[in-house]
Amino acid sequence: MTIQYERPVSQAAHWARRLALFSCMLFVAVVLSHRFGPLTTPHFLALAGFAAVMAGLAVLLAAVGLARLWMVGARGGKAALTALLFSLLPLGVSGAAAYAYFYRPALYDVTTDTLAPPPWLSQPAAQQDWLPRVGLVTARDREVQLEAYPALSGRRYEGALDRVYQGTRKVATAYGITITSEAGLDNIQADLEDLVIDPSKVAKSQEALGDVPIPEARPEATPSLPHIGGPGDVLLQGEWRSPIFGFRFDVVIRLREEAETTLVDMRAASRYGPHDLGIGADLVEGYLKALDAELLGIAGD
């Protein structure tokens, strides 16, 4: 009489593979929809969190399947290993985000000038949904930034304002920052033609002088739009998206000419949520390093 032993089948391992595949596909679809589609960051975080929960459940079921394989030789070892591989993507990204959330300061607005940060030309606004912010940036937030990112400071270049402006625009385009508005461009337009005196025009003007009319009362000054920033500042405001996940940031760059040098300050704010996971500081630091390379690295504190 032949005795045949039938190996039991671990249903937990097979369900783990199904859940892991579903969570991985959902996570990829959510990332692509957020990066290239209309999905906003609050909805992206909610769906990505759901995918991570499904991946965690798949890991637990895979562990049960491997335990059954070890104890009674149940079938499902390959399915359990496949589930663990599919779960790596959503769980790995979620783990990295959780680490940044707890070990990076809870800031969404960073700047190279904590005392007088560059002002916004148009105040960023977005529907926060379930990611409400406490309020405006306070002095305490700036102190926290100084403690967390002490090396985040502006740059001073030994160059004219117009040259630094051209380099700033070029690096912004290369870095993926889309400039949406500018202010103070009249400060970089050197009207050299108006400074040249044509002798022939001066002679003609002197000949044309006759009886000088008596001036009347001074007309009232024409009201003008309020100037944002300092009188000699050049401001550039734009938008930036992180390369992989597409997190949106609002950026403003300030140029200020001081004593034959040009000072460049920058400000970056996450459009959604009270925590930027440290991406804003990396954005500012990376942009300024690229600007250093563009302007021959002549920079100082």
Side-chain angles (χ1 to χ4, degrees), residues 23-24 26-56 87-114 117-118 120 124-138 140-153 172 175-178 237-253 266-290:
S23 64
C24 185
L26 175 62
F27 186 81
V28 172
V30 167
V31 170
L32 293 178
S33 181
H34 181 255
R35 180 65 182 84
F36 303 102
L39 191 65
T40 61
T41 298
H43 298 91
F44 162 74
L45 294 178
L47 293 175
F50 176 75
V53 171
M54 293 296 100
S87 301
L88 282 178
L89 180 61
L91 288 181
V93 174
S94 300
Y99 177 85
Y101 183 85
F102 288 106
Y103 289 94
R104 290 289 187 101
L107 301 172
Y108 68 90
D109 188 320
V110 295
T111 178
T112 58
D113 189 351
T114 57
W120 301 106
Q127 186 66 34
Q128 299 297 317
D129 292 333
W130 61 278
L131 294 174
R133 292 173 174 173
V134 177
L136 299 177
V137 180
T138 62
R140 176 55 186 166
D141 295 330
R142 298 306 185 194
E143 294 177 0
V144 171
Q145 177 197 320
L146 286 175
E147 296 175 359
Y149 312 113
L152 199 65
S153 60
Y175 209 76
I177 299 177
T178 303
Q237 182 168 335
E239 301 175 357
W240 180 81
R241 302 192 69 177
S242 60
I244 299 177
F245 297 102
F247 293 113
R248 295 178 180 271
F249 280 77
D250 294 287
V251 178
V252 60
I253 305 171
M266 189 173 179
R267 182 180 182 181
S270 174
R271 186 168 296 182
Y272 296 95
H275 203 307
D276 65 357
L277 305 180
I279 301 177
D282 295 338
L283 162 62
V284 174
E285 185 177 0
Y287 174 84
L288 292 178
K289 286 183 177 179

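When a residue number appears, it is its place in the shown sequence, counting from 1.
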remark   = Closest non-hydrogen atoms of P124 and D250, given as atom of the first, atom of the second and distance, are CB-OD2, 3.3 Å
ask   = What is the ring orientation for F27 with F44, classed by angle as parallel under 30°, tilted 30 to 60°, or perpendicular over 60°?
value = tilted
request  = Measure across W120 and A269 and return the closest heavy-atom pair with its distance rounded to 0.1 Å.
outcome  = CZ2-CB, 3.7 Å
query = How far apart are the closest heavy atoms of P118 and T111, and which atoms are they?
reply = CD-OG1, 3.3 Å
message = Taking side chain to side chain contact (heavy atoms under 4.5 Å, CB included) as the criterion, tell me which of Q237, M266, R267 meets it with V251.
response = M266
key: Worked verdict on F247 versus R271 for side chain to side chain contact (heavy atoms under 4.5 Å, CB included)   = CA-CA 8 Å; F247 293 113; R271 186 168 296 182; over 6 Å; no
task = Please report the closest heavy-atom contact between L283 and A268, naming both atoms and the distance.
result = CD2-CB, 3.8 Å
ask   = Distance from L277 atom CG to F102 atom CZ, nearest 0.5 Å?
value = 11.0 Å
request  = Provide the full list of side-chain hydrogen bond (donor to acceptor under 3.5 Å, both in side chains) pairs with a residue in residues 42-55, sequence neighbours left out, each pair given once.
outcome  = T40-H43
query = Does the side chain of L47 reach to within under 4.5 Å of the side chain of L39, using non-hydrogen atoms?
reply = yes
note = Shortest non-hydrogen pair, S94 vs A48, comes out as OG-O, 4.5 Å
inquiry  = Using side-chain heavy atoms (C-beta onward) and a distance below 4.5 Å, is M54 in contact with L26?
reply    = no
query = How far apart are the C-alpha atoms of D109 and R142, what are their side-chain angles, what is the distance that settles it, and do they pass the salt bridge (Lys or Arg N to Asp or Glu O under 4.0 Å) test?
reply = CA-CA 9 Å; D109 188 320; R142 298 306 185 194; 3.4 Å; yes
Within-4.5 Å side-chain heavy-atom neighbours: Y272 and P42 = yes
request  = Could you please spell out the steps behind the side chain to side chain contact (heavy atoms under 4.5 Å, CB included) verdict for F249 and V110?
outcome  = CA-CA 11 Å; F249 280 77; V110 295; over 6 Å; no
Minimum-distance pair of heavy atoms, taken over all atoms of A55 and P90 = CB-CG, 3.7 Å
message = Rounded to the nearest 0.5 Å, what separates atom CG in L131 from atom CG in L45?
response = 6.0 Å
ask   = Nearest 0.5 Å, what's the OG1-CG distance between T114 and L152?
value = 9.5 Å
inquiry  = For F50, give me all partners under ring pair (Phe, Tyr, Trp, His ring centres under 6.0 Å), at least two apart in sequence or on another chain.
reply    = none
query = Do the non-hydrogen side-chain atoms of I244 and R35 ever get within less than 4.5 Å of each other?
reply = no
message = Under the criterion side chain to side chain contact (heavy atoms under 4.5 Å, CB included), I'd like the reasoning laid out for D141 against Y108: C-alpha separation, chi angles, the key distance, then a yes or no.
response = CA-CA 9 Å; D141 295 330; Y108 68 90; 6.0 Å; no
message = Suppose we screen for ring pair (Phe, Tyr, Trp, His ring centres under 6.0 Å). Which residues come up paired with F245, at least two apart in sequence or across chains?
response = none
ask   = Do V284 and Y149 pass the side chain to side chain contact (heavy atoms under 4.5 Å, CB included) test, and can you show the C-alpha distance, the side-chain angles, and the key distance before you say yes or no?
value = CA-CA 11 Å; V284 174; Y149 312 113; over 6 Å; no
